[in-house]
Every structure is written in C-alpha cells, then in structure tokens.
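As structure tokens, the structure follows; a few thoughts come after it.
We name chains A, B, ... by the order of the sequence lines, and we start the count at 1 in each one.
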Protein chains: 2
Amino acid sequence: MGRHSDYRRLIWRVLGAAAGPLSAEDLRDALAETGIGIATVYRHLKDGLSDGDLVCVELPGGPKRFEPADQPHHHYFECVECQAVFDLVGCPGGLDRLVPPGFEMDRHEVILSGRCHDCVSSGREAN
Amino acid sequence: MGRHSDYRRLIWRVLGAAAGPLSAEDLRDALAETGIGIATVYRHLKDGLSDGDLVCVELPGGPKRFEPADQPHHHYFECVECQAVFDLVGCPGGLDRLVPPGFEMDRHEVILSGRCHDCVSSGREAN
DNA sequence: ACATTAATGATATCGTATTATCGTTATCAG
DNA sequence: CTGATAACGATAATACGATATCATTAATGT
C-alpha cells in the first residue's frame with residue numbers, strides 16, 4: 001500500500017464528527033496538521049461517492065459539501081458570518097401543497113440562513 | 001444613445017412574462033432572434049440589480065438567475081429534466097421550529113425538484 | 001455633414017472549483 | 001536488495017460562469 005492509507009479513515013472520522021456537511025477545503029483545513037494535499041481529499045471524496053458511503057450536498061453559491069450517506073432526511077442552516085453549514089433535525093410538512101398541478105415532486109430542499117450560535121454569542125455582525 | 005437601447009426593455013419584458021427566474025443564457029436564448037450578445041445581457045442584469053429592479057436567485061448547482069424585484073415572497077421548483085425553474089406561490093410554515101437554540105434565522109429557501117408539467121406530459125424520463 | 005456619446009458584440013480575461021498528470025515515496029513480495 | 005504497486009503532493013489543466021476590454025456602430029446635437 002501507499003504511504004498513508006489512513007487518510008481515508010481520517011476524512012471519514014472528520015466527516016462523522018462534523019456538525020454538517022464539509023467542503024474539500026474544510027477537510028483539508030481540518031487535517032492541515034497532517035500535511036494532506038487537496039488532491040488526496042478530492043480523491044477520497046470521489047471514491048466515497050462511488051462507493052455510496054458519502055453524499056454530496058450543494059448549497060447556493062458555495063462549493064460542494066459532503067457528509068456520510070447513512071443519515072436520516074434532514075436540512076441545513078448556513079451561517080452568513082462564518083459560512084459554516086449545520087445539519088438540522090426534522091422537516092417541515094406541507095410542501096406538497098406548493099406543487100403546481102401536473103408537476104411531480106421527488107425531492108425537496110430547505111435551507112435556512114442567518115447566524116450560528118458561535119457567531120451570535122461572539123457578537124460578530126454582518127456588515 | 002446607442003444602437004438598440006431597447007434591449008433593456010426586451011429583457012424586462014421577458015423576465016416579467018417568465019414562469020420563474022431566468023439565467024443570462026436563458027435570456028440570450030429567448031432573445032436569440034435579435035442577435036443580442038451575452039455581454040449585453042449581463043450588463044443589463046447588473047444594472048437591474050444596482051437599480052433594485054431585479055433580484056438574483058441562486059439555486060444549487062446552477063448559474064445565477066434573475067427576476068423582477070417586485071414579487072411577493074415565494075419559492076422555486078426546479079425541473080430535473082429541462083432545468084427550468086418555476087416560481088411557486090405560498091410558503092410552508094413551521095420553519096422556525098427547525099432553528100437550533102442560539103441560532104438566528106433571517107432568511108430561508110425552499111426548493112422543490114422533480115418534473116415540470118411539460119416534461120411529465122411529454123413523457124420525458126429521467127435516466 | 002460632422003463630432004460626440006452611449007450601447008453593443010466579439011472576445012480576452014478572470015475566478016473558483018474540480019480533475020488530470022506525473023514524478024516521488026512508502027509498503028510489500030519475492 | 002530489487003522490482004512492483006498503491007497512495008501521495010505539487011501543480012498543470014479544465015470547466016464554466018461572469019467580467020473587462022476595445023473597436024464598432026447607431027442615435028443625437030450642431
């Protein structure tokens with residue numbers, strides 16, 4: 001095997017412990033001490049997608065983010081200050097009544113945005 | 001004045017008649033007969049944003065889309081077949097209860113996806 | 001007619017996220 | 001030790017949306 005075949009394990013561990021989906025850069029930063037290169041991060045993320053272990057989350061105006069595939073249906077909160085994305089629990093009902101006649105909905109996404117706990121309590125302000 | 005100062009009017013007319021927000025490319029295609037260039041489209045869109053006449057809508061994995069600013073709060077349906085985006089009327093309630101303690105929500109977005117009326121009735125299938 | 005100005009189109013350039021290339025290095029088998 | 005293999009890092013290349021540049025042309029005023 002190659003030099004550090006445990007990078008994959010490290011990435012999985014970081015993703016598993018995260019409060020929400022992480023981007024490739026987030027992961028590289030989280031593992032900066034190990035000296036991991038961005039190419040390696042993308043490689044493992046790609047493998048994870050093919051293997052079905054990871055899912056990709058796209059939010060408006062940001063890079064692709066990734067999280068373990070074995071999570072129940074949920075949505076996201078994006079902090080406008082620190083750009084972090086947090087998983088939310090639960091799902092609002094009543095979405096079906098928004099669907100126009102003749103349309104067929106098979107997915108939905110709910111994205112809340114505002115300031116996260118840390119940014120609120122540290123008083124960071126939008127400018 | 002310049003050659004065709006009515007491009008702006010044309011763009012506004014197309015946006016006003018559209019079933020949802022349009023991208024710069026959508027607009028160029030809609031006005032293809034006029035020979036409008038993509039630079040002109042972007043120029044007028046940019047002006048519209050500065051003037052507050054237009055708003056920008058970003059959906060995951062797509063280009064920026066634009067629509068008139070004088071519309072009531074609403075959400076979107078994106079067709080996975082033809083990629084068109086449609087305005088929806090109404091807004092599901094109960095989003096506040098998704099906000100974790102200590103977080104402050106100031107915006108939300110709801111995006112439904114599936115197949116639009118035309119793609120359903122014409123039998124186009126996802127592959 | 002002539003000069004001025006503003007709008008335009010072609011295209012070059014940019015920014016950013018992502019992927020591909022390739023030489024290097026660690027690990028392992030014989 | 002030697003050769004093969006797989007993982008790696010640096011970085012070149014790509015994709016694509018958006019912007020900047022610049023010469024051209026239409027409308028306007030004189």
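As rounded to whole Å, 14 Å separates atom P of C/dA17 from atom CG of A/Leu27. Atoms CD1 (B/Ile36) and P (C/dA10) sit 11 Å apart, rounded to a whole Å. Atom pair A/Asp47:CG and C/dA20:C1' shows a separation of 15 Å (rounding to whole Å applied). When rounded to the nearest whole Å, the span between OH of B/Tyr7 and P of D/dT25 equals 15 Å. In this structure, the CZ atom of A/Arg28 is 15 Å from the P atom of C/dT19, given to the nearest Å. One interatomic measurement links the two molecules: CG of A/Leu49 to P of C/dA17, which rounds to 17 Å at whole-angstrom precision. When rounded to the nearest whole Å, the span between CD of B/Glu58 and P of C/dA17 equals 12 Å.
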List every contact pair, protein side and nucleotides 17-23 of chain D side both N or O, where the distance is under 3.5 Å.
residue	atom	partner	partner atom	Å
D/dA18	OP1	B/Lys64	N	3.1
D/dA18	OP2	B/Tyr42	OH	2.9
D/dA20	OP2	B/Lys46	NZ	3.4

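Between D/dC8 and A/His44, a contact under 4.0 Å exists linking OP1 or OP2 to a side-chain N or O. In this model, the phosphate group of D/dG9 is approached by a side-chain N or O of A/Thr40 to a distance below 4.0 Å at OP1 or OP2.
Following chains of ILVMFWY side-chain contacts shorter than 4.5 Å, one can reach A/Tyr76 starting from B/Tyr76, so the two form part of one hydrophobic cluster. B/Val41 and B/Leu22 end up in the same hydrophobic cluster when Ile, Leu, Val, Met, Phe, Trp and Tyr side chains are linked at under 4.5 Å.
With sequence neighbours left out, A/Asp26 forms a salt bridge (Lys or Arg N to Asp or Glu O under 4.0 Å) with A/Arg65.
Chaining together hydrophobic side chains whose heavy atoms lie under 4.5 Å apart places A/Phe77 alongside A/Phe86, A/Leu88, A/Leu95, A/Leu98, A/Val99, A/Phe103, A/Met105, A/Val110, A/Leu112, B/Phe77, B/Phe86, B/Leu88, B/Leu95, B/Leu98, B/Val99, B/Phe103, B/Met105, B/Val110, B/Leu112.
What you find for B/Leu49 and B/Cys56 is that their closest heavy atoms are CD2-N, 3.8 Å.
B/Asp87 places a side-chain heavy atom less than 4.5 Å from the side chain of B/Glu67.
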